[in-house]
Amino acid sequence: MSTTSPIPGYTHDDPALTASPVTLDDLAKLQASVLFGPDDQAALKTAGDVLGGQIEQILDVWYGFVGSHPHLLAYFSTPGGEPIGEYLTRVRARFGRWIIDTCTRPYDQRWLAYQHEIALRHTREKKNHTDRAGSVPDISLRYLIAFIYPITATIRPFLAADGHDDDQVEAMFQAWFKAVTLQIALWSQPYAGPAW
């Protein structure tokens with residue numbers, strides 16, 4: 001997957017992106033809560049190198065998982081249950097970029113702003129707006145949280161595909177797990193409001 005060609009709806013570097021209500025101090029506390037530190041950042045950088053050439057294969061696995069569960073596919077379908085091909089394709093391109101960003105972007109104020117944008121795109125506030133999709137109005141928070149496991153469990157074979165030793169693969173895997181958990185915690189913010 002090219003990391004330079006335009007991806008519809010991908011706005012990480014848009015200066016007009018609304019700032020996240022989550023502060024850098026909040027982020028640091030979340031990182032501490034998931035035991036995410038400098039070693040994990042280094043392991044993610046290695047993971048980005050390993051995963052970069054396998055993005056389409058990873059997405060095939062993830063899309064296969066979603067497509068095999070009608071209750072998940074419904075979030076990319078019309079209210080009547082018909083999958084929206086263009087919507088699936090556009091989201092797929094951003095999902096692929098998300099893999100790279102998870103591994104390579106600095107977790108700074110700009111990254112937080114885009115995490116907040118991603119979060120809103122799962123809620124009634126912004127779901128379907130980016131792609132002008134005629135889909136259901138939101139994604140249930142419970143499935144965002146539940147998705148931590150398949151997005152994590154299925155990544156290990158891809159991390160192991162580049163010949164790193166078991167300890168290196170485990171370090172990348174644990175860093176990925178922490179990074180995914182951290183992001184889902186951030187994406188939960190608009191659902192939870194002050195309780196977050």
Exercise for the section: Might you work through the salt bridge (charged side-chain N to carboxylate O under 4.0 Å, His left out) test for Glu56 and Arg92, ending with a clear yes or no? Expected result: CA-CA 9 Å; Glu56 291 305 319; Arg92 181 182 173 114; 2.9 Å; yes
Handout entry: Lys NZ or Arg CZ of Arg156 over Phe173 ring: under 6.0 Å, within 45°
Key =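 Yes, Arg156 sits over the ring of Phe173.
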Would [X] and [Y] show up in the same hydrophobic cluster when neighbours are defined by side-chain heavy atoms closer than 4.5 Å?
X: Trp196; Y: Leu141; answer: yes
X: Tyr149; Y: Leu73; answer: no
X: Leu24; Y: Val34; answer: yes

What are the two closest non-hydrogen atoms of [X] and [Y], and how far apart are they?
X: Gly134; Y: Pro79; result: O-CD, 3.3 Å
X: Ala43; Y: Ala171; result: CB-O, 3.6 Å
X: Thr181; Y: Ile148; result: OG1-CG2, 3.9 Å
X: Pro83; Y: Leu88; result: CB-CD1, 4.3 Å
X: Asp40; Y: Ala175; result: O-CB, 3.4 Å
X: Val22; Y: Leu186; result: CG1-CD2, 3.8 Å

Out of curiosity, [X] [atom1] to [Y] [atom2], how far, rounded to the nearest 0.5 Å?
X: Ser188; Y: Ile184; atom1: OG; atom2: CD1; answer: 6.5 Å
X: Phe95; Y: Asp101; atom1: CZ; atom2: CG; answer: 12.5 Å
X: Ile118; Y: Trp98; atom1: CD1; atom2: CH2; answer: 8.5 Å
X: Glu117; Y: Trp187; atom1: CD; atom2: CH2; answer: 12.0 Å
X: Leu112; Y: Leu30; atom1: CG; atom2: CG; answer: 9.0 Å

[X] vs [Y] side-chain heavy atoms within contact, under 4.5 Å:
X: Phe147; Y: Ile139; result: no
X: Val136; Y: Ser77; result: no
X: Tyr87; Y: Arg132; result: no
X: Leu182; Y: Gln31; result: yes

Problem - Test side chain to side chain contact (heavy atoms under 4.5 Å, CB included) applied to Met172 and Leu44, step by step - result: CA-CA 6 Å; Met172 289 187 284; Leu44 279 179; over 6 Å; no
Practice task
Assign the ring pair Trp111 / Tyr107 to parallel, tilted or perpendicular, where the plane angle (0 to 90°) is split at 30° and 60°.
Solution key: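 If you compare the ring of Trp111 with that of Tyr107, the planes turn out parallel.
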Problem - Stepwise side chain to side chain contact (heavy atoms under 4.5 Å, CB included) check, Arg121 with Thr130 - result: CA-CA 8 Å; Arg121 290 179 186 186; Thr130 300; 3.1 Å; yes
Practice task
Please assess Ile151 against Trp176 for the test side chain to side chain contact (heavy atoms under 4.5 Å, CB included), listing each intermediate value before the final yes or no.
Solution key: CA-CA 9 Å; Ile151 291 299; Trp176 176 265; 4.0 Å; yes
Would you say the side-chain atoms of [X] pair up with the backbone N or O of [Y], donor to acceptor, closer than 3.5 Å?
X: Thr152; Y: Phe177; result: no
X: Asp165; Y: Asp167; result: yes
X: Thr78; Y: Ser135; result: no
X: Ser140; Y: Arg142; result: no

Is it the case that [X] and [Y] place a side-chain donor and acceptor less than 3.5 Å from each other?
X: Tyr114; Y: Ser20; answer: no
X: Thr104; Y: Lys45; answer: no
X: Gln183; Y: Thr102; answer: yes
X: Thr23; Y: Asp26; answer: yes

Tell me if the [atom1] atom of [X] is crowded by more than 12 foreign heavy atoms within 6.0 Å.
X: Asp49; atom1: CG; value: yes
X: Asp108; atom1: CG; value: yes
X: Glu86; atom1: CD; value: no

Problem - Ring centroid separation Trp62 to Phe65 under 6.0 Å - result: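 Aromatic pair excluded; centres sit 6.0 Å or further apart.
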Problem - Pair His122 + Tyr191: ring centers closer than 6.0 Å - result: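 Distance test on ring centres: not under 6.0 Å, no.
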Exercise for the section: For the pair Arg94 and Asp131, find out whether any cationic side-chain nitrogen is under 4.0 Å from an anionic carboxylate oxygen. Expected result: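 Salt bridge present between Arg94 and Asp131.
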Problem - Carboxylate-amine/guanidinium proximity below 4.0 Å for Asp13 and Arg105 - result: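 Answer for the salt bridge query: yes.
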Handout entry: Partner of Leu120 under side-chain contact (heavy atoms from CB on, under 4.5 Å), chosen from Lys126, Gln189, Lys127
Key =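 Exactly one candidate clears the test, Lys126.
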Practice task
Start with the C-alpha distance between Phe158 and Val61, add both sets of side-chain angles, then the distance that settles side chain to side chain contact (heavy atoms under 4.5 Å, CB included), and finish with yes or no.
Solution key: CA-CA 11 Å; Phe158 296 102; Val61 170; 3.8 Å; yes
